Engineer: 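So that we are looking at the same thing, I have put the structure below in structure tokens.
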Amino acid sequence: MLSHNILLPEDGSVSPMDWYQSVSNIPGFLQDSAQAAAIAELESLWQQLVEFKARRNRFLGRSLLSPDVPRGLYLWGGVGRGKTLLMDVLYNSLPYRRKRRIHFHNFMAEVHREMKLLAHEADPLHALAQRIIESTRLLCLDEFQVDDIADAMILGRLITELFKGGVVLITTSNLAPDDLYLHGLQRQNFLPAIALLKRELKILNVDGGNDYRTQAMIREPLFLSSDDAESDAKMASLYARLAAGMLQENQLVIRDRRIAVKKCARSVVWFEFDELCGGAHAQEDYLTIAQRFPTLLLTNIPKLTAENADVMRRFIWLIDVLYDHNVRLVASAQVELENLCDAKEFSRTASRLSEMQSRNYLQLLHRAQGVRLSM
């Protein structure tokens, strides 16, 4: 497959199948039966959504019966199977104004923030759901993975209200629905939400044998050894070139808090790992950094183990957010990338770190726009 950054006309002139047939003629494209089947499902859903919009417009103008809302899609499979790319093909080709595509971590961060702002409402979650319903017909959530009891309790009610309100959900995940929040606290309370996902969404497994991020990779020397005496010099030299002519700062202010940086300029920031992932930073901090800086340098990443699980979790959050915003990452670590962490949940992060060193990824435009839940 190709890069996860998909540029397609949004006027409905190119459908997912049109796109797939065109890229399948590109030299080096690898045919894959599982992904071809997924494209067929996306094409069917695309046709349904286009027809739904047309019939909905006729209903509003002529008082006909309102059409049924198309059923959404849950794409799941192993790391590097092109799930995000498949979702983006549908999202970018669909001629809808009321659509939103957001990483799941960012979505939940926004949900928690919006609920605080709506605390004066009798039912903040209901009020939030109504805001989303009013602004969004198609909601695409990338990397759906529930690992927090608060998120699990919120999601059950939220997705129930979104489905009732006619929101079409498309989501990607490394896990089958039945494996979501598998060993989580009070998981029995989340089981109705899993049943709802299975009832309201078509579940499609896109597993196969190849990691397309690795196959498409053209390695760049952007993952360095902390033990190499030349690494700091290389990082400093790269930073100097990137920040040439810009005003330099030695701190960063995020949500009224000062965060220490090694160096900082308008479009590039350099952090020590312990400062960025060792402290009590929230996902919202990483989202703000990713939206502001096209390039991030990170020094002295340690080997991540079960003993520093909180640090590992924050690092996973960081990489997810950087990847979703096409932020260029230069890093140094105490061990090689393949030995950075042995935890099963780190496999996606390792794959993304590899892709983020590829020429294809480095050529992507930085996604600097803010991510909001309502218009």
Side-chain angles (χ1 to χ4, degrees), residues 1-8 14-50 70-94 101-104 138-146 168-180 182 194 197-218 320 323-324 344-356 358 360-361 364:
M1 273 283 184
L2 302 178
S3 160
H4 75 287
N5 193 53
I6 305 298
L7 297 177
L8 289 169
V14 177
S15 73
M17 187 60 72
D18 294 332
W19 172 85
Y20 185 77
Q21 290 174 345
S22 66
V23 300
S24 63
N25 295 320
I26 296 176
F29 180 85
L30 298 177
Q31 298 290 340
D32 185 292
S33 59
Q35 291 183 344
I39 285 290
E41 291 291 344
L42 292 173
E43 176 74 12
S44 175
L45 179 55
W46 185 90
Q47 297 286 353
Q48 294 174 48
L49 287 167
V50 170
R71 189 182 184 196
L73 191 61
Y74 185 106
L75 294 165
W76 73 277
V79 172
R81 293 298 303 133
K83 301 180 295 294
T84 297
L85 177 142
L86 291 166
M87 182 180 72
D88 284 351
V89 167
L90 176 66
Y91 177 85
N92 287 319
S93 64
L94 190 68
R101 186 262 193 221
I102 182 173
H103 192 278
F104 180 75
L138 176 71
L139 177 61
C140 295
L141 297 179
D142 192 27
E143 302 288 3
F144 194 100
Q145 181 172 328
V146 185
V168 178
L169 176 65
I170 301 175
T171 187
T172 70
S173 180
N174 290 341
L175 302 172
D178 287 330
D179 292 333
L180 289 170
L182 189 57
I194 293 176
L197 289 171
K198 293 167 67 176
R199 183 170 67 249
E200 296 291 337
L201 304 179
K202 182 161 188 176
I203 312 301
L204 186 64
N205 179 234
V206 293
D207 263 334
N210 299 311
D211 182 335
Y212 290 95
R213 297 188 185 117
T214 300
Q215 293 187 11
M217 186 190 311
I218 302 174
D320 280 345
Y323 178 87
D324 206 45
K344 183 178 180 181
E345 59 266 36
F346 194 77
S347 60
R348 182 187 75 235
T349 304
S351 179
R352 288 190 160 184
L353 283 168
S354 294
E355 184 189 351
M356 291 168 78
S358 72
N360 285 344
Y361 179 90
L364 299 178

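The shown structure was predicted, so the numbers you read here are calculated from the model rather than taken from an experiment. This chain uses plain numbering: 1 for the first residue, then up along the sequence.
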Engineer: Can Leu45 and Ile170 be said to form a side-chain contact (heavy atoms from CB on, under 4.5 Å), step by step?
Structural biologist: CA-CA 10 Å; Leu45 179 55; Ile170 301 175; 3.8 Å; yes
Engineer: Quick one: closest heavy-atom pair of Gly77 and Asn205, and the distance?
Structural biologist: CA-ND2, 3.8 Å
Engineer: In a check of side-chain contact (heavy atoms from CB on, under 4.5 Å) between Asp324 and each of Arg352, Glu143, His103, which one passes?
Structural biologist: His103
Engineer: Step by step, work out the side-chain contact (heavy atoms from CB on, under 4.5 Å) result for Leu75 and Glu41.
Structural biologist: CA-CA 10 Å; Leu75 294 165; Glu41 291 291 344; over 6 Å; no
Engineer: Can you measure from CZ (Phe346) to CG (Leu353) and round to the nearest 0.5 angstrom?
Structural biologist: 5.5 Å
Engineer: Could you list the residues that satisfy side-chain hydrogen bond (donor to acceptor under 3.5 Å, both in side chains) with Asp18, not counting sequence neighbours?
Structural biologist: Ser15
Engineer: For residues Leu197 and Leu169, determine if any side-chain heavy atom of one lies less than 4.5 Å from a side-chain heavy atom of the other.
Structural biologist: yes
Engineer: Regarding Glu355 and Ser351, is there a side-chain donor-to-acceptor distance under 3.5 Å anywhere?
Structural biologist: no
Engineer: Rounded at 0.5 Å granularity, tell me how far CG in Leu42 sits from CG in Leu49.
Structural biologist: 10.5 Å
Engineer: Give a yes or no answer on whether the side chain of Ser354 reaches the backbone of Ala350 with a donor-acceptor pair at less than 3.5 Å.
Structural biologist: yes
Engineer: Is there a side-chain contact between Asp178 and Lys198 (heavy atoms, below 4.5 Å)?
Structural biologist: yes
Engineer: Taking C-beta and beyond as the side chain, do Val89 and Trp46 meet within less than 4.5 Å on heavy atoms?
Structural biologist: no
Engineer: Which atoms form the tightest heavy-atom contact between Trp76 and Ala176, and what is the distance?
Structural biologist: CE3-N, 3.5 Å
Engineer: Just jot down the side chain to side chain contact (heavy atoms under 4.5 Å, CB included) partners of Ala37, sequence neighbours excluded, or say none.
Structural biologist: none
Engineer: Mind listing the closest non-hydrogen atom pair of Gly72 and Val168 along with its distance?
Structural biologist: CA-CG1, 4.0 Å
Engineer: Can you tell me if Asp142 uses its side chain to pair, donor with acceptor, with the backbone of Ile102 under 3.5 Å?
Structural biologist: no
Engineer: Roughly how far apart are Tyr91 OH and Leu138 CG, rounded to 0.5 Å?
Structural biologist: 7.5 Å
Engineer: Just verifying a value: how many Å separate Gln48 CD and Arg71 CZ, rounded to the nearest 0.5 Å?
Structural biologist: 10.0 Å
Engineer: Between Lys344 and Asp179, is there a side-chain N and carboxylate O pair less than 4.0 Å apart?
Structural biologist: no
Engineer: Return the minimal non-hydrogen interatomic distance between Tyr74 and Leu201, and the atom names on each side.
Structural biologist: CB-CD1, 4.1 Å
Engineer: Enter the distance from Leu90:CG to Cys140:SG here, rounded to the nearest 0.5 Å.
Structural biologist: 6.0 Å
Engineer: Looking at every heavy atom in both Leu86 and Ala38, which two are closest together, and how far apart are they?
Structural biologist: CD1-CB, 3.8 Å
Engineer: For the residue pair Gln35 / Tyr20, report whether a side-chain donor-acceptor contact shorter than 3.5 Å exists.
Structural biologist: no
Engineer: How long is the straight-line distance from CZ of Phe104 back to CG of Leu141, given to the nearest 0.5 Å?
Structural biologist: 7.0 Å
Engineer: Among Glu345, Gln145, Lys83, find the residue that satisfies the side-chain hydrogen bond (donor to acceptor under 3.5 Å, both in side chains) test when tested with Asn174.
Structural biologist: Lys83
Engineer: Should the ring pair Tyr361 and Tyr323 be called parallel, tilted or perpendicular, given that the plane angle runs from 0 to 90° and is split at 30 and 60?
Structural biologist: parallel
